[in-house]
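Numbering starts at 1 and runs along the sequence shown. Order of listing sets the numbers, starting from 1, for every ligand and every atom in it. Owing to the predicted nature of the structure, the values given are computational and were not obtained by experimental measurement.
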Amino acid sequence: MTTTATGPACALPATETAAGGEELWERAWAARRALGPRAVILGHHYQRDEVIAFADVTGDSYLLARRGAAATEAELIVFLGVYFMAEAADVLKQPHQRVVLPDLGAGCHLAETADIYTVRDAWDQMAAALPGRKVIPLTYMNSGADLKAFVGAHGGAVCTSGNAQKAFEWALSEGDAIFFFPDEHLGRNTACRLGMDPSDPLVWNPRIAELGGLTGDALSEAEIVLWKGFCNVHTAFNVRQIEEHRAADPGVRVIVHPECPRPVVEAADEDGSTEYIIRRCEELPAGSSAVIGTDWNLVNRLRLRHPDKRISCLKEDICPCVTMNRIDLPKLTWCLESLAAGDVVNVVEVDEEMRRQGRLALDRMLALG
Ligand code: SF4
């Protein structure tokens, strides 16, 4: 089973790299207008301003994948996001649609902490160490299509940061234990929402060949085993930053994403998905202040959208997600002009068997409500 991608990872013709911002802006809009309803452009909340302006729909990865499939008049789904998101859109798309990612090198650090070979090996070791125990695999949306297919084929489901608690509850009702990958921190924060102690979940370290560094005895009693993976953006936040913001503004509301480490979530006032964070910023009364622990591009847009509130990033000098930022105006211009000229570049395509099994895992998530 493979995913195929056709097109350059990042190389651009000289006409795009040499052009100035205004010229590119005009060219990109002209190409977008020429494409008309044949294309729908989906933009993840963490994308740069210069490209998110072209999005017909903005949202998190799962919402966008569904909206792409729902835009049935569009034969082209241009995904402004990272690779696993384009794959998910391809899993859910209609048969006549094709998914295009303007930069095929836009990966995700977190998704790449778990590959199918290492996960399969861990699964086999776990099965051998735990005869008779039913383990349900769960994968975060931020994972490759091959991992979603693996989970689908083994009776598990996908989850998002917005429904992880429901997915964990479902999995524990279906089996004896959960094997969750790739984000250790989302997994621990979700376990805590279920009333567990932060130290209860075991952590499988894929860099330790034998049983991920665990023992058979420990595994035989575990309810939750977490893959040792992390997002390099959300692990840049720490408790000291929260303390400094509170010292400067005792009334400030601290809202963080659950990909942050447990101590950060515990020190914050609340945590939730990107959609949750956006909604909470809308709900806060005028004149209030909030610091947000998630990608800087989103926080900056929230700041501009709510001039009546003081919204800032928990770490103002944070480097925005490097892979999300790979899609910029030159690449988008090149991509849209190519599509408008009939050259369908940078197609991301999941093979049929992987699509079928990945869809099973996504449908199980959907069934959670
Ligand atoms: S912010 Fe983190 S999880 Fe999101 S795309 Fe970037 S590396 Fe991946």
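- Atom numbering of ligand 1 starts at 1 in the shown order; those under 4.0 Å from a heavy atom of E259 are 3 (S).
- If you check the side chains of D60 and T274, you find no donor sitting under 3.5 Å from an acceptor.
- Every heavy atom of D295 sits 4.0 Å or more from the atoms of ligand 1.
- Note on E353 versus R356: salt bridge recorded, some NZ/NE/NH1/NH2 to OD/OE distance being below 4.0 Å.
- Remark: the T58 side chain and the H44 side chain contain no N/O donor-acceptor pair separated by less than 3.5 Å.
- Close contacts between ligand 1 and H109 involve ligand atoms 7 (S) [criterion: under 4.0 Å to a heavy atom].
- For the residue pair R48 and N297, no side-chain donor N or O sits within less than 3.5 Å of a side-chain acceptor on the partner.
- Nearest protein neighbour of atom 6 (Fe) of ligand 1, counting heavy atoms only, is C321 SG, 2.3 Å.
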Inset, instruction - Using the side chain to side chain contact (heavy atoms under 4.5 Å, CB included) rule, take T139 and F180 through it: C-alpha gap first, then chi angles, then the decisive distance, then the call. - result: CA-CA 6 Å; T139 190; F180 178 69; over 6 Å; no
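- Close approach to N232 involves these atoms of ligand 1, each under 4.0 Å from a residue heavy atom: 7 (S).
- In this structure, R66 places its CZ atom where only 12 or fewer heavy-atom neighbours from other residues, nucleotides or ligands lie under 6.0 Å away.
- If you number the atoms of ligand 1 from 1 as listed, the ones under 4.0 Å from a heavy atom of N142 come out as 3 (S).
- Comparing P182, C108, C231 by heavy-atom distance to atom 8 (Fe) of ligand 1, the nearest is C108.
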